[in-house]
Enquirer: 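Have a look at this one.
It should be emphasised that the depicted structure is a prediction, and the values quoted were computed from it without experimental measurement.
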Amino acid sequence: YSIVISNSPSDATDPDEWKRFFDTNFGSGVHVTCCTVGKDNHHLVRALVRRREILLKLKWALPPGASLDVSALDVVAMALGPERSMVDELKALVFPDVVELINQLRKVNDSIHKLSTVDFPVTRVYVTFETEAAQRKVLDLLSVGGKAIKRKDVMKVEDERHLFRSKVVLNIKEADEPSTVRWHDLSDKFWDKFFKMLMTTYACACSMALVAFIIKLCRNKSATFAAYAIAFFNTVFPEFAKLLVSYESHASEGRRETSLYVKIAAFRWFNTAIIVYWITPFTSTLSSGSDNILDGVFEIFLAEIIYCNLFKLLDPMGIVNRHYLAPRALSQEEMNSYMRGEEWHLAERYTSMTKLVFFTFWYCSIYPGGFFLCALALFLNYFSDRFNLMRTWMQAPKLGPHISSFSRRYFFIM
């Protein structure tokens, strides 16, 4: 039952002030349960995250029970420093050892001490109410339109008590799920987000062109070879897309999943259906033989039915983590990290389904049997995904309706 305020005054850092504003000015039944003030301190948040990552690596690298206090780590660095050769120092630049991790920790601690003294301005305020009725009431009373908010038109607000500090027209909307908020990305500017998105989109387009060239070479060998190459790239590309999206800035996991969905969907649709259509000569569309497009379509369906589902069910990385790395872990926490299951993304699962449907409709006029193969592929996908969801995949955050509603619009428009 939360709302988010995106145009708060930069000095409105007191949660009690926000609580009093909503509790006293919106009538009975409106009670604030908690209030979270987000500041423009993304550099500090990222430094704290970096510090935690370094401490976790040191915990795994040092003997069990070793102290992670700064003074104790300085003693360890002084003891191990003279034993390092020039080769070890060069190697540590790529694969940090204990001494290098301690040096990085010193730098991060200095950065945290400097940033902790800065008075950061407010960027967003999250207010959680006790009931859904209170949330809906506040949303209804403070909904005045985008133009009034930009112009700071206080006349659009019916009750002057609903103006924060008697002069601010608040821009509010329903907040995302708490577990999906990406706190370290809330303060990024629009043009920074746009530039990062532009760069990742360009990298995605270049990868599509490279894969198209590789599949054309495979198609020159045989249709079967090209079909399994397509299935392989459809399986591998989501990992590359996750790497690209990790460089983008998104305020919530739902928006991050939406960006991931667009990249994977565009690649899989292009890779599965359009590439084969482009690289096959027009005279081979309906002719018989191993090089015609009908045999290629059937081979792609066969690869999607067998290869993709078999790879998911075998879960090779999960087997390595559970049966090889976990028994050799140096601590209980490290072992638990190997047993938590494979990370999965709803965007990837949506594109796996829409890819098959798009591919079927793309070639349905010349290959109507694809409807039956598509039904079989979706049937097997459902049961393999259900098995992995219950047995091998880790729990995902609550993303809300962003990705599902976007998927429907995206698919029906195309």
Enquirer: Which side-chain hydrogen bond (donor to acceptor under 3.5 Å, both in side chains) pairs, counting each pair once, include a residue from residues 107-124, with sequence neighbours left out?
Expert: Arg51-Asn109
Enquirer: Quick one: does Met317's side chain get under 4.5 Å of Glu342's, heavy atoms only?
Expert: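 Counting from C-beta outward, Met317 and Glu342 never come under 4.5 Å.
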Enquirer: Would you call Trp278 and Phe270 a side-chain contact if the rule is heavy atoms closer than 4.5 Å?
Expert: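 SC-SC contact between Trp278 and Phe270 confirmed.
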Enquirer: Is any side-chain heavy atom of Ser352 closer than 4.5 Å to one of Glu304?
Expert: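 No, too far: nothing below the 4.5 Å cut-off.
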Enquirer: Can you give each donor-acceptor pair under 3.5 Å made by side-chain atoms of residues 371-380, sequence neighbours left out, with the distance rounded to 0.1 Å?
Expert:
none

Enquirer: Is a side-chain donor-acceptor pair under 3.5 Å present for Thr33 with Glu130?
Expert: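 There is no such pair (donor and acceptor under 3.5 Å, judged by atom type) between the side chains of Glu130 and Thr33.
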Enquirer: Where is the tightest heavy-atom contact between Val37 and Ala12, given as atom of each residue plus distance?
Expert: CG1-O, 4.0 Å
Enquirer: May I ask you to check whether Phe267 and Phe240 place their ring centres under 6.0 Å from each other?
Expert: no
Enquirer: If I take atom CE from residue Met390 and atom CZ from residue Arg386, how far apart are they, to the nearest 0.5 angstrom?
Expert: 7.0 Å
Enquirer: Step by step, work out the side chain to side chain contact (heavy atoms under 4.5 Å, CB included) result for Ile172 and Val4.
Expert: CA-CA 6 Å; Ile172 72 168; Val4 57; over 6 Å; no
Enquirer: Can a donor-acceptor pair be found between the side chains of Lys355 and Thr272 at a distance below 3.5 Å?
Expert: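 Thr272 and Lys355 do not have a side-chain donor-acceptor pair below 3.5 Å.
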Enquirer: Applying side chain to side chain contact (heavy atoms under 4.5 Å, CB included), run through Phe164 and Val169 and close with a yes or a no.
Expert: CA-CA 7 Å; Phe164 185 71; Val169 182; over 6 Å; no
Enquirer: Which word best sums up how the rings of Trp393 and Trp344 line up, parallel for under 30°, tilted for 30 to 60°, or perpendicular for over 60°?
Expert: parallel
Enquirer: Show the nearest heavy-atom pair for residues Ala326 and Met339, with the distance to one decimal.
Expert: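 Answer, listing the atom of Ala326 first, then Met339: CB-SD, 3.8 Å.
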Enquirer: Nearest 0.5 Å please: distance from the OH atom of Tyr350 over to the OH atom of Tyr261.
Expert: 9.0 Å
Enquirer: Would you confirm whether Asn271, through its side chain, and Met208, through its main-chain N or O, come within 3.5 Å as a donor-acceptor pair?
Expert: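 Side chain of Asn271 to backbone of Met208: no pair is present.
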Enquirer: For the residue pair Thr354 and Trp269, establish whether any side-chain heavy-atom pair is separated by less than 4.5 Å.
Expert: yes
Enquirer: Write down the atom of Ser384, the atom of Lys312, and the distance for their closest heavy-atom approach.
Expert: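 Here Ser384 and Lys312 meet closest at OG-NZ, 3.2 Å.
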Enquirer: Let's go through Trp362 and Phe358 carefully: what are the C-alpha distance in whole Å and the side-chain angles of both, what is the deciding distance for ring-ring contact (aromatic ring centres under 6.0 Å, His included) to 0.1 Å, and is it a yes or a no?
Expert: CA-CA 6 Å; Trp362 185 270; Phe358 178 79; 5.6 Å; yes
Enquirer: Ignoring hydrogens and geometry beyond distance, is a side-chain donor-acceptor pair present between Asp69 and Ser71 at under 3.5 Å?
Expert: yes
Enquirer: Counting only heavy atoms not in Arg340, do more than 12 sit closer than 6.0 Å to its CZ atom?
Expert: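 Not more than 12 within 6.0 Å, no.
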Enquirer: Do the side-chain N and O atoms of Asp40 and His42 include a donor-acceptor pair separated by under 3.5 angstrom?
Expert: yes
Enquirer: Test Trp18 against Tyr126 for ring-ring contact (aromatic ring centres under 6.0 Å, His included), laying out the working first.
Expert: CA-CA 10 Å; Trp18 289 100; Tyr126 292 85; over 10 Å; no
Enquirer: Could you check whether any side-chain N or O of Ser259 sits under 3.5 Å from a backbone N or O of Arg256, counting only pairs where one atom can act as donor and the other as acceptor?
Expert: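 No, the answer is negative, given that no donor and acceptor are paired below the 3.5 Å cut-off.
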Enquirer: In terms of side-chain heavy atoms, does Ser249 have a donor or acceptor partner in Asp192 at a distance below 3.5 Å?
Expert: no
Enquirer: For His162 and Phe26, what are the C-alpha separation, side-chain angles and deciding distance, and is it a ring-ring contact (aromatic ring centres under 6.0 Å, His included)?
Expert: CA-CA 8 Å; His162 299 161; Phe26 289 87; 4.5 Å; yes
Enquirer: Okay, side chain of Arg268, backbone of Asn234: is any donor-acceptor separation there less than 3.5 Å?
Expert: yes
Enquirer: What is the minimum heavy-atom distance between Val168 and Pro9, and which atoms define it?
Expert: CG2-CG, 4.1 Å
Enquirer: Evaluate Phe237 against Cys204 for side chain to side chain contact (heavy atoms under 4.5 Å, CB included), listing each step before the verdict.
Expert: CA-CA 10 Å; Phe237 180 79; Cys204 182; 3.7 Å; yes
Enquirer: Between Ile215 and Ile230, what is the shortest heavy-atom contact and its length?
Expert: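 Here Ile215 and Ile230 meet closest at CD1-CG1, 3.5 Å.
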Enquirer: Can you confirm whether Ile54 sits close enough to Arg50 that some side-chain heavy atom of one is under 4.5 Å from a side-chain heavy atom of the other?
Expert: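 Contact flag for Ile54/Arg50 side chains = yes.
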Enquirer: Should Glu348 and Lys263 count as an ion pair when the cut-off is N to O under 4.0 Å?
Expert: no
Enquirer: Kindly list each side-chain donor-acceptor pair under 3.5 angstrom involving residues 363-370, sequence neighbours excluded, with atom names and distances?
Expert:
residue : atom : partner : partner atom : Å
Tyr363  : OH   : Ala273  : O            : 2.6
Tyr363  : OH   : Tyr277  : N            : 3.2

Enquirer: Once you round to the nearest 0.5 Å, how far does CG of Leu356 lie from CG of Asn381?
Expert: 6.0 Å
Enquirer: Within the 3.5 Å criterion, strictly below it, is a donor on Asp315 or Asn388 matched to an acceptor on the partner's side chain?
Expert: no
Enquirer: Taking only residues two or more places apart in sequence or in another chain, which ones pass salt bridge (charged side-chain N to carboxylate O under 4.0 Å, His left out) with Arg136?
Expert: Glu132, Glu174
Enquirer: Take a 6.0 Å sphere around CZ of Phe311 and say whether it holds more than 12 heavy atoms from other residues, nucleotides or ligands.
Expert: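 No - once you tally the heavy atoms of other residues, nucleotides and ligands closer than 6.0 Å, there are 12 at most.
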Enquirer: For residues Ser2 and Val127, determine if any side-chain heavy atom of one lies less than 4.5 Å from a side-chain heavy atom of the other.
Expert: no
Enquirer: Is Asp23 reaching over with its side chain to a backbone N or O of Val32, donor-acceptor style, under 3.5 angstrom?
Expert: yes
Enquirer: Does the separation of the ring centres of Tyr324 and Tyr338 fall below 6.0 angstrom?
Expert: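 That pair fails the under 6.0 Å test.
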Enquirer: Can you find a heavy atom in the side chain of Asp385 that is under 4.5 Å from one in the side chain of Arg349?
Expert: yes
Enquirer: Salt bridge between Asp14 and Lys19, side-chain N to carboxylate O under 4.0 Å?
Expert: no
Enquirer: Roughly how far, to the nearest 0.5 Å, is the CE atom of Met199 from the NZ atom of Lys196?
Expert: 12.5 Å
Enquirer: Go through Cys35 and Val125 one step at a time and tell me if the side chain to side chain contact (heavy atoms under 4.5 Å, CB included) criterion holds.
Expert: CA-CA 7 Å; Cys35 177; Val125 178; 3.8 Å; yes
Enquirer: If you compare all heavy atoms of Ala134 against all heavy atoms of Gly29, which two are closest, and at what distance to 0.1 Å?
Expert: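 Of all heavy-atom pairs spanning Ala134 and Gly29, the closest is CB-O, 3.5 Å.
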Enquirer: Side-chain contact, heavy-atom cut-off 4.5 Å: Leu105 with Leu55?
Expert: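 Yes. Closest side-chain heavy atoms under 4.5 Å.
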Enquirer: Could you work out, with salt bridge (charged side-chain N to carboxylate O under 4.0 Å, His left out) as the rule, every residue matching Lys216, not counting sequence neighbours?
Expert: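 None.
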Enquirer: What distance separates Leu170 CG from Leu142 CG, expressed to the nearest 0.5 Å?
Expert: 6.0 Å
Enquirer: Do Asn171 side-chain atoms and Ser6 backbone N/O form a donor-acceptor pair below 3.5 Å?
Expert: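 Such a contact is absent between Asn171 side chain and Ser6 backbone.
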Enquirer: About how many Å separate NZ of Lys242 and CD1 of Ile264, when rounded to the nearest 0.5 Å?
Expert: 7.0 Å
Enquirer: If you measure from the Lys or Arg side-chain nitrogens to the Asp or Glu carboxylate oxygens, is any gap between Arg20 and Glu17 under 4.0 Å?
Expert: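 No, Arg20 and Glu17 are not salt-bridged.
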Enquirer: Taking salt bridge (charged side-chain N to carboxylate O under 4.0 Å, His left out) as the test, write out the residues that go with Asp140, two or more places apart.
Expert: none
